[in-house]
Number of protein chains: 2
Amino acid sequence: MPPSQATISSEQLAQIVGLNSAQVRKDLSYLGAAGVRGVGYGVAELRVDLREALGLTHGYGVAIVGAGNLGAALTNYGGFEAWGFEMSAIFDTDSEKIGSRIGDLVIEDLNDLPRIVEQRDIAIGIVATPASGAQDVVNRFVASGVRSILNFAPSIVQVPSDVVVRRVDLSTELQILTYHLHHDEATG
Amino acid sequence: MPPSQATISSEQLAQIVGLNSAQVRKDLSYLGAAGVRGVGYGVAELRVDLREALGLTHGYGVAIVGAGNLGAALTNYGGFEAWGFEMSAIFDTDSEKIGSRIGDLVIEDLNDLPRIVEQRDIAIGIVATPASGAQDVVNRFVASGVRSILNFAPSIVQVPSDVVVRRVDLSTELQILTYHLHHDEATG
DNA sequence: TAGATTGTTAATCGATTAACAATC
DNA sequence: TAGATTGTTAATCGATTAACAATC
């Protein structure tokens with residue numbers, strides 16, 4: 001007896017992700033995933049539809065500026081490829097570093113950013129410099145045509161309205177944790 | 001003429017943070033900040049009240065496990081002190097690393113975690129190891145009494161219900177950026 | 001056909017905003 | 001006192017959930 005196609009219901013999905021089943025159906029419906037009434041969602045199709053919706057099939061090129069500890073950590077992080085990203089370049093301004101390797105990448109001169117962004121079709125820029133250099137790096141990314149930027153530097157940067165910047169703020173993450181410390185102290 | 005005490009209105013605050021003035025007043029009222037009708041909020045008081053509410057006066061001790069690039073980046077990050085945190089220890093299991101320095105800290109043996117957590121009153125643990133080691137590190141933190149954990153490893157960890165874990169997921173950050181890439185492509 | 005589960009509409013809930021009496 | 005702005009209530013808005021006809 002051949003295995004029947006594996007399916008999963010909105011109720012089961014809701015259990016797994018901790019949501020209401022109506023919410024699951026609404027969201028899946030919104031992104032065009034096709035369920036079957038009385039049966040559920042085909043796991044294989046769902047997987048394809050979700051990967052498509054999340055853009056995991058795209059293979060966006062990513063460039064990092066700043067070849068310090070953080071830049072090295074991001075380059076060696078691995079795991080990005082599974083989500084459809086390709087670490088394509090890392091830049092620095094320090095002539096001592098330029099030319100040496102981090103993982104598979106050779107550290108390149110920040111002045112070569114525009115050319116390399118174009119040649120390697122880089123869509124996402126990561127700022128891994130100290131705060132003092134962040135705005136300059138962002139300006140260079142923007143001038144090179146990069147419109148999606150992830151900023152690890154602890155500073156707010158200005159960009160045109162068609163450019164998206166996300167900031168990973170480590171101090172904020174710690175502060176959110178301390179909310180719970182407060183709260184637990186008060187009640188415990 | 002002595003300067004009058006500096007004040008700021010909820011409308012001005014709303015402009016700065018990009019919210020509605022009613023929202024600002026409600027939030028400030030909730031956390032007990034005292035405004036003056038017809039005048040506004042005293043800047044000095046507000047600063048004190050906010051620092052208090054955010055717990056910036058606490059000086060929580062922070063320990064990092066994992067003395068790789070990421071651990072080093074976090075240790076050297078600076079900036080944490082301004083928000084009331086103190087980087088108190090960094091641990092690793094690699095005997096080659098133990099005893100050497102990163103910034104002001106000496107890398108210590110992970111086996112000494114329980115003693116050092118107690119002695120230095122560490123409230124927050126940071127996991128900066130590969131995914132494979134994350135659960136073990138979290139278990140050690142929990143066993144040592146740490147109840148607030150920030151996890152940089154790309155893995156989900158299990159903890160008792162009285163322990164709070166926040167995960168900084170770099171792949172997710174990149175994926176959120178790609179949403180805009182999709183969207184812009186579709187409309188532009 | 002009977003049972004199950006989707007897709008979607010209507011009802012509910014909560015969060016944001018407008019409005020205004022209190023009052024400096 | 002007149003003008004300004006808070007603190008809070010009521011109105012609005014949007015998001016979540018319940019309910020159910022459609023249908024496999």
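In what follows, chains are A, B, ... by sequence order, proteins preceding strands, each numbered from 1.
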Trainee: Please list all pairs passing the side-chain hydrogen bond (donor to acceptor under 3.5 Å, both in side chains) test where one or both residues lie in residues 98-116 of chain A, with sequence neighbours left out.
Mentor: A:Glu108-A:Arg120, A:Asp109-A:Asn111, A:Asn111-A:Arg140, A:Arg115-A:Gln119
Trainee: Are A:Arg25 and A:Ser21 close enough that some pair of their side-chain heavy atoms sits under 4.5 Å apart?
Mentor: yes
Trainee: Output yes when a side-chain donor or acceptor of A:Glu45 lies under 3.5 Å from a complementary backbone atom of A:Ala33, and no otherwise.
Mentor: no
Trainee: Hydrophobic clusters join Ile, Leu, Val, Met, Phe, Trp and Tyr when side-chain heavy atoms are under 4.5 Å apart, directly or via other members; which others share one with A:Val127?
Mentor: A:Val65, A:Phe91, A:Leu110, A:Leu113, A:Ile116, A:Val117, A:Ile122, A:Val137, A:Val138, A:Phe141, A:Val142, A:Val146, A:Ile149, A:Val157, A:Val159, A:Val163, A:Val165
Trainee: Find which nucleotide of DNA chain D each of B:Ser10 and A:Val39 is nearest to by heavy atoms, and output the residue with the more 5' nucleotide.
Mentor: B:Ser10
Trainee: Keeping the roles fixed (side chain from A:Asp92, backbone from A:Ala67), state whether a donor-acceptor pair exists under 3.5 Å.
Mentor: yes
Trainee: With sequence neighbours excluded, tell me which residues meet side chain to side chain donor-acceptor pair (under 3.5 Å) with B:Glu86.
Mentor: none
Trainee: Hydrophobic side-chain clustering at under 4.5 Å (ILVMFWY, transitive links): who's grouped with A:Tyr30? Put none if nobody.
Mentor: none
Trainee: With a cutoff of under 4.5 Å between side-chain heavy atoms, which Ile, Leu, Val, Met, Phe, Trp and Tyr residues group with B:Leu31?
Mentor: B:Ile8, B:Leu13, B:Ile16, B:Val17, B:Leu19, B:Val24, B:Leu28, B:Tyr41, B:Val43, B:Leu46, B:Leu50
Trainee: Which heavy atom of B:Ala153 sits nearest to which heavy atom of B:Ala131, and what is that distance?
Mentor: CB-CA, 3.9 Å
Trainee: Set out, line by line, the N/O atom pairs under 3.5 Å between protein and nucleotides 21-23 of chain D.
Mentor:
from, atom 1, to, atom 2, distance (Å)
D:dA22, N3, A:Arg37, NH1, 3.0

Trainee: What is the minimum heavy-atom distance between B:Tyr77 and A:Phe152, and which atoms define it?
Mentor: CE1-O, 4.3 Å
Trainee: Taking DNA chain C as the partner, which of residues 40-48 of chain B come within under 4.0 angstrom of it by heavy atom?
Mentor: none
Trainee: Which dot-bracket notation, 5' to 3', represents the base pairing of DNA chain C when pairs are defined as Watson-Crick or G-U with both distances under 3.5 Å, crossing pairs as [ ], and inter-strand pairs as |?
Mentor: ..||||||||||||||||||||||
Trainee: Taking salt bridge (Lys or Arg N to Asp or Glu O under 4.0 Å) as the test, write out the residues that go with A:Arg166, two or more places apart.
Mentor: B:Glu173
Trainee: Under 4.0 Å, heavy atom to any atom of DNA chain C: which of residues 12-21 of chain A qualify?
Mentor: none
Trainee: Specify the closest pair of heavy atoms between A:Asp49 and A:Gly32, including all atoms of both residues, with the distance to one decimal.
Mentor: OD2-O, 4.3 Å
Trainee: Answer whether the closest heavy-atom distance between the side chains of A:Asn69 and B:Asn76 falls below 4.5 Å.
Mentor: yes
Trainee: Going by heavy atoms closer than 4.0 Å, what residues in residues 23-35 of chain B are next to DNA chain C?
Mentor: B:Gln23, B:Arg25, B:Lys26
Trainee: Mind checking what makes salt bridge (Lys or Arg N to Asp or Glu O under 4.0 Å) contact with B:Arg51, not counting sequence neighbours?
Mentor: none
Trainee: Locate the shortest heavy-atom distance separating A:Ala128 from A:Ile64; write the atom from each residue and the value.
Mentor: CB-CG2, 4.1 Å
